[in-house]
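See below for the structure under consideration.
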Amino acid sequence: MDRKGILIVVSGFSGSGKGTLMKELLSRYPDTYALSVSATTRRPRDGEQDGREYFFITEDEFEKMIAKEELIEYARYVKNYYGTPKEYVRKQLDAGKDVILEIEIQGALKVKEAFPDTLLLFVTPPNAEELKKRLVGRGTETMDVIESRMNRACEEAEGMGHYDYLVVNDDLELCVEEMHTIIQGEHRRSFRNEAFMKTIKEDLERLKGEN
Ligand code: ADP
Ligand code: 5GP
């Protein structure tokens with residue numbers, strides 16, 4: 001069967017566990033997936049490294065990337081710019097990897113518009129209380145920022161219906177495997193296997209003719 005890489009967008013409320021899930025998925029299946037590294041104007045959090053979690057750049061640099069059309073999409077999220085550089089994504093898809101963009105909803109919808117075959121996954125915690133608990137527990141933001149992220153979550157919840165699948169991140173282990181199963185199942189969709197269908201149809205015709 002065809003093994004073209006699939007473009008996957010993973011969105012979800014801040015604190016739902018997307019970053020944790022992605023890290024685990026990539027470490028279990030390093031040959032299958034590639035995670036796109038976004039550019040952002042927000043400050044790095046403790047432990048984040050330039051070029052690994054994000055390319056941390058200035059507003060000026062970001063606006064230059066926009067002008068040069070080097071981004072697949074970009075959006076503003078709680079006062080900062082975030083965007084997906086084109087080059088890396090194209091290379092990884094060509095190499096047969098399933099490429100994951102971990103981006104917010106405005107960006108997700110722009111990607112879907114530009115590339116309709118994109119698979120859209122939305123990660124949620126099992127309930128709203130758990131989201132607040134995780135945001136507070138992560139300890140990386142002030143209460144002010146946590147509040148704006150909870151407000152943003154209310155807006156984002158309105159868009160969940162645009163996604164192909166909801167992925168409930170309750171037990172991390174189970175969630176990682178579920179996500180892998182969904183993505184690998186996606187490779188079997190008939191519209192992603194045009195070449196295979198064409199070959200088998202032609203072979204059937206040929207064999208029929210031989211009798
Ligand atoms: P996001 O990338 O969506 O903002 P993170 O991956 O940073 O979220 O996770 C937010 C917090 O929740 C972190 O402290 C992380 O360790 C924790 N977390 C992630 N997944 C789970 C889970 N399944 N159960 C409990 N805690 C989790
Ligand atoms: P954080 O600051 O928590 O790392 O990310 C904030 C939000 O920005 C998250 O919802 C994350 O998915 C989103 N994000 C990260 N990179 C991009 C990107 O390249 N484009 C868009 N549109 N959103 C992004």
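Everything numeric in this text was worked out from a predicted model, so none of it was measured. Every number for a ligand or one of its atoms is a count from 1 in the order of the listing.
- On a distance-only criterion, Glu130 and ligand 1 share no N/O pair closer than 3.5 Å.
- Considering only non-hydrogen atoms, atom 4 (O) of ligand 1 lies nearest to Gly15 out of Gly15, Pro125, Gly12.
- Heavy atoms of Arg45 come nearer than 4.0 angstrom to ligand 2 in at least one pair.
- The pair Arg45-Glu53 does not meet the salt-bridge criterion, since no charged nitrogen lies less than 4.0 angstrom from a carboxylate oxygen.
- Ligand-side atoms of ligand 1 in range of Leu172: 23 (N), range being under 4.0 angstrom from any heavy atom.
- What sits closest to atom 8 (O) of ligand 1 on the protein, heavy atoms only, is Gly17 N, 3.1 Å.
- Protein heavy atom closest to atom 26 (N) of ligand 1, with residue, atom name and distance, is Arg134 NE, 3.5 Å.
- Ligand 2 is approached by Tyr54 to a heavy-atom distance shorter than 4.0 Å.
- The part of Glu73 lying near ligand 2 is the side chain, judged by heavy-atom distances below 4.0 Å.
- When only modelled atom types and interatomic distance are considered, Tyr88 and Ser36 share no side-chain donor-acceptor pair under 3.5 Å.
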TODO: Any chance you could lay out the side chain to side chain contact (heavy atoms under 4.5 Å, CB included) test for Glu210 and Leu207, step after step, and finish with the verdict?
DONE: CA-CA 5 Å; Glu210 279 176 11; Leu207 285 179; 3.6 Å; yes
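- Closest to atom 20 (N) of ligand 1, if we only count protein heavy atoms, is Asn169 ND2, 3.1 Å.
- Residues Phe55 and Phe62 place their aromatic rings such that the two centres sit no closer than 6.0 Å.
- Between the side chain of Asn169 and the backbone N or O of Thr124, no donor-acceptor pair lies under 3.5 Å.
- Side-chain contact check for Val37 versus Arg52: every heavy-atom pair is 4.5 Å or farther apart.
- For Asp171, no nitrogen or oxygen atom sits less than 3.5 Å from a nitrogen or oxygen atom of ligand 1, counting backbone and side chain alike.
- The protein heavy atom nearest to atom 23 (N) of ligand 2 is Glu104 N, 3.1 Å.
- Salt-bridge check for Glu194 with Lys198: failed, with every basic side-chain N at 4.0 Å or more from each acidic carboxylate O.
- In this structure, atom 16 (N) of ligand 2 lies nearest to the protein heavy atom Ser38 OG, 3.1 Å.
- Both tests do not hold together for Lys201 against Phe196: distance to the six-membered ring centre under 6.0 Å, angle to the ring axis within 45°.
- Atom 7 (O) of ligand 1 has as its closest protein heavy atom Arg138 NH1, 2.8 Å.
- Put simply, no part of Glu53 is less than 4.0 Å from ligand 2, judged by heavy atoms.
- Contacts between Asp170 and ligand 1 below 4.0 angstrom, taking non-hydrogen atoms only, involve the backbone exclusively.
- In summary, the atoms of ligand 2 found under 4.0 Å from a heavy atom of Ala75, numbered by their order in the structure, are 22 (N).
- Heavy-atom contacts of Arg42 reach the following atoms of ligand 2: 1 (P), 2 (O), 4 (O) (cutoff under 4.0 Å).
- Within the set Tyr81, Tyr74, Tyr82, Phe13, the minimum heavy-atom distance to atom 8 (O) of ligand 2 is found for Tyr82.
- In the vicinity of Gly83, heavy-atom distances shorter than 4.0 Å reach the ligand 2 atoms 18 (C), 19 (O), 20 (N).
- Only the side chain of Tyr77 comes within 4.0 Å of ligand 2, judged by heavy-atom distances.
- Looking at Gly137 next to ligand 1, no N or O pair under 3.5 Å apart turns up.
- Taking any N or O of Glu156, backbone or side chain, none lies under 3.5 Å from an N or O belonging to ligand 2.
- Among all non-hydrogen protein atoms, the one lying nearest atom 16 (O) of ligand 1 is Thr20 OG1, 4.1 Å.
- Counting only heavy atoms from C-beta outward, the side chains of Phe56 and Thr40 approach each other to under 4.5 Å.
- Defined by atom type and a distance below 3.5 Å, a donor-acceptor pair is present between the side-chain atoms of Arg138 and Thr140.
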Open item on the list: ring pair (Phe, Tyr, Trp, His ring centres under 6.0 Å), that's the test. Do His180 and Tyr33 meet it? Break it down for me.
Closed with: CA-CA 10 Å; His180 180 63; Tyr33 299 109; 5.8 Å; yes
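- Contact annotation for Gln106 and ligand 2: no heavy atom of the residue comes within less than 4.0 Å of the ligand.
- Contact atoms of ligand 1 toward Ser14: 4 (O) (distance under 4.0 Å to a heavy atom of the residue).
- Looking at Asp203 and Arg206, a side-chain N of the basic residue comes within less than 4.0 Å of a carboxylate O on the acidic one, giving a salt bridge.
- The proximity of Glu48 to ligand 2, defined as any non-hydrogen pair under 4.0 Å, does not occur for either the backbone or the side chain.
- Arg42 pairs with exactly one of Tyr81, Tyr77, Tyr54 by the side chain to side chain contact (heavy atoms under 4.5 Å, CB included) rule, that one being Tyr54.
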Open item on the list: Set out, in order, the CA-CA distance, both residues' side-chain angles and the distance that settles salt bridge (Lys or Arg N to Asp or Glu O under 4.0 Å) for Glu130 and Lys133, then state yes or no.
Closed with: CA-CA 5 Å; Glu130 179 65 18; Lys133 215 163 95 190; 3.4 Å; yes
Open item on the list: Could you go through Ile105 and Glu158, starting from their C-alpha distance and side-chain angles, then the distance that decides it, and tell me whether this counts as side chain to side chain contact (heavy atoms under 4.5 Å, CB included)?
Closed with: CA-CA 10 Å; Ile105 189 161; Glu158 295 297 322; over 6 Å; no
